[in-house]
Amino acid sequence: MTADHNEESRLSATELQDPPSGASDMAHIVLTFDNNKLASALYGQFDENLARLEQKLGVDIRSRGNQITIKGSSSSAEQARRALDNLYGILQKGGDISQSDVDGAVRMAVAADDQMTLPTLERKGKMAAAQIATRKRTIYARSLNQDAYMRALDRSELVFGIGPAGTGKTYLAVAHAAMLLERGMVERIVLSRPAVEAGERLGFLPGDMKEKVDPYLRPLYDALYDMMPADKVERAIAAEVIEIAPLAFMRGRTLAHCAVILDEAQNTTPMQMKMFLTRLGEGSRMIVTGDPTQIDLPSNTKSGLVEALRILDGITGSVTVRFSDTDVVRHPLVAEIVRAYDRDAKMARGFDASQN
């Protein structure tokens with residue numbers, strides 16, 4: 001069976017051969033790529049990318065020149081084909097692929113069998129991962145929830161990205177803001193965080209105001225430099241086209257024609273969160289990210305993020321995307337750390353309940 005070709009002709013041939021008798025659920029798929037150099041990059045050094053696909057999907061993959069043979073269960077072999085097609089497409093567009101990209105392609109290939117969180121125009125099984133293209137790099141969704149988040153950023157004026165560390169909430173938000181600025185869809189980027197993580201008042205820290213707040217805002221700087229050339233970032237900050245400021249600086253302002261991001265929003269008070277959300281002006285997009293399990297506020301203070309999610313649930317124009325440990329795209333150990341802490345928290349809640 002010859003594969004459907006997309007307009008870029010990623011694969012010159014795809015074949016599904018009849019399985020041997022007694023192995024009705026087994027598939028044998030042959031892929032032939034039209035560019036030997038890209039095929040080599042796809043396989044990875046010593047075929048490490050193919051080995052990773054084998055490990056993740058439980059299939060057998062053999063390469064010979066620009067041809068790959070996939071053997072395994074029908075569903076797993078088809079998922080491997082989707083992942084390879086996705087990765088080859090990234091290479092065709094001039095991108096590079098890493099092991100994290102391979103893991104992301106696997107997640108998306110498996111997720112293609114399920115219904116997307118948000119509707120797409122793609123046929124089931126032929127779904128293209130959402131992407132954000134900036135001048136410096138193009139980012140592709142590496143999980144189902146990342147895909148839903150990136151599509152929500154395109155469609156909605158207010159988006160909440162909620163979940164654990166390492167899921168790409170802030171990184172993708174900054175990437176989307178940079179893309180909007182480059183395309184002239186907004187005039188400015190405003191990035192903010194509540195400055196409470198260190199448990200110190202800013203007035204007691206050394207230096208001028210910029211030196212006081214920079215450590216709190218460093219993750220936002222890092223993401224910006226990943227999306228835009230360093231000299232352009234510096235010029236934009238100097239010209240106040242990009243503004244990075246603590247949350248307290250937002251009071252009394254109306255933010256029009258901006259991409260506005262509030263990071264670490266779990267550390268806002270209800271009053272601060274209401275103040276921030278009501279800054280939204282004409283032609284602006286607002287993105288709020290946070291992890292309700294990592295609240296650093298005093299124990300008797302409610303989180304503005306938690307309250308906002310409850311109050312704004314279901315309002316038109318607002319979308320909430322919830323990430324989980326399965327969406328962690330940092331080192332695999334990070335996902336295990338998140339799960340371990342979640343298990344411990346659940347055990348602690350169970351112990352507390354048993355004492356009441």
Side-chain angles (χ1 to χ4, degrees), residues 1-114 122-131 133 137-144 146-147 326 329 331-332 335:
M1 179 177 71
T2 302
D4 293 336
H5 295 289
N6 62 24
E7 57 191 58
E8 293 181 347
S9 300
R10 294 179 184 174
L11 309 178
S12 59
T14 302
E15 231 176 271
L16 179 60
Q17 300 179 355
D18 293 332
S21 176
S24 58
D25 188 44
M26 300 300 291
H28 178 186
I29 299 176
V30 179
L31 305 178
T32 303
F33 300 94
D34 55 9
N35 185 309
N36 290 342
K37 183 178 179 180
L38 295 185
S40 178
L42 175 67
Y43 304 165
Q45 189 173 19
F46 306 116
D47 287 356
E48 63 181 357
N49 294 338
L50 301 183
R52 197 166 185 87
L53 285 172
E54 288 181 318
Q55 177 188 9
K56 295 284 184 180
L57 294 172
V59 294
D60 179 73
I61 304 178
R62 304 293 173 90
S63 64
R64 184 173 183 180
N66 65 337
Q67 191 173 83
I68 285 178
T69 301
I70 308 170
K71 295 180 181 179
S73 69
S74 296
S75 60
S76 295
E78 174 60 16
Q79 287 164 359
R81 183 199 66 74
R82 290 177 195 148
L84 287 163
D85 189 31
N86 187 346
L87 293 167
Y88 192 65
I90 292 175
L91 292 168
Q92 280 191 312
K93 294 174 182 176
D96 298 316
I97 58 175
S98 63
Q99 290 197 345
S100 293
D101 293 309
V102 175
D103 292 346
V106 169
R107 290 192 201 97
M108 295 303 297
V110 172
D113 287 331
D114 303 319
E122 303 287 346
R123 282 196 298 117
K124 188 175 181 180
K126 286 289 182 180
M127 190 177 301
Q131 65 184 58
R137 64 183 305 178
T138 300
I139 302 163
Y140 298 87
R142 292 180 177 177
S143 74
L144 185 64
Q146 277 200 358
D147 191 281
T326 60
V329 294
H331 193 285

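Owing to the predicted nature of the structure, the values given are computational and were not obtained by experimental measurement. Just so it is clear, the values below take in all heavy atoms, side chains as well, and ignore hydrogens, waters and symmetry mates.
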Are Asn66 and Asn35 close enough, and set up right, to give a side chain to side chain contact (heavy atoms under 4.5 Å, CB included), and what steps lead you there? CA-CA 7 Å; Asn66 65 337; Asn35 185 309; over 6 Å; no
Enter the distance from [X]:[atom1] to [Y]:[atom2] here, rounded to the nearest 0.5 Å.
X	Y	atom1	atom2	answer
Ile68	Thr32	CD1	OG1	9.5 Å
Leu144	Met108	CG	CE	6.5 Å
Arg52	Ser98	CZ	OG	9.0 Å
Leu38	Ile90	CG	CD1	12.0 Å
Ile61	Glu54	CD1	CD	5.0 Å
Leu53	Asp60	CG	CG	12.0 Å

Work out which heavy atom in [X] is nearest to a heavy atom in [Y]; give both atom names and the distance.
X	Y	value
Val106	Ala83	N-CB, 4.3 Å
Thr138	Ala133	OG1-CB, 3.8 Å
Val59	Gly72	CG1-CA, 4.3 Å
Ser63	Asp47	OG-OD2, 3.0 Å
Arg107	Ser143	CD-CB, 3.8 Å

Counting C-beta onward and ignoring hydrogens, is there a side-chain heavy-atom pair between Leu57 and Val110 closer than 4.5 Å? yes
Decide yes or no for Gln92 and Asp34: does some side-chain heavy atom of the first lie under 4.5 Å from some side-chain heavy atom of the second? yes
Taking Asn49 for its side chain and Leu42 for its backbone only, find out whether a donor-acceptor pair lies under 3.5 Å. yes
Check for a donor-acceptor pair, side chain of Tyr43 on one end and backbone N or O of Gly65 on the other, with a separation under 3.5 Å. yes
Tell me, with the steps shown, if Leu87 and Val102 meet side chain to side chain contact (heavy atoms under 4.5 Å, CB included). CA-CA 7 Å; Leu87 293 167; Val102 175; 4.1 Å; yes
Can you check side chain to side chain contact (heavy atoms under 4.5 Å, CB included) on Leu31 and Leu84, steps first, answer last? CA-CA 9 Å; Leu31 305 178; Leu84 287 163; 3.8 Å; yes
Going through the checks in order, is the side chain to side chain contact (heavy atoms under 4.5 Å, CB included) test met by Ile97 and Tyr140? CA-CA 11 Å; Ile97 58 175; Tyr140 298 87; over 6 Å; no
Please lay out, stage by stage, how Asp103 and Arg142 fare under the test salt bridge (Lys or Arg N to Asp or Glu O under 4.0 Å). CA-CA 7 Å; Asp103 292 346; Arg142 292 180 177 177; over 6 Å; no
Test salt bridge (Lys or Arg N to Asp or Glu O under 4.0 Å) on Arg82 and Glu78 and set out the steps. CA-CA 6 Å; Arg82 290 177 195 148; Glu78 174 60 16; 3.6 Å; yes
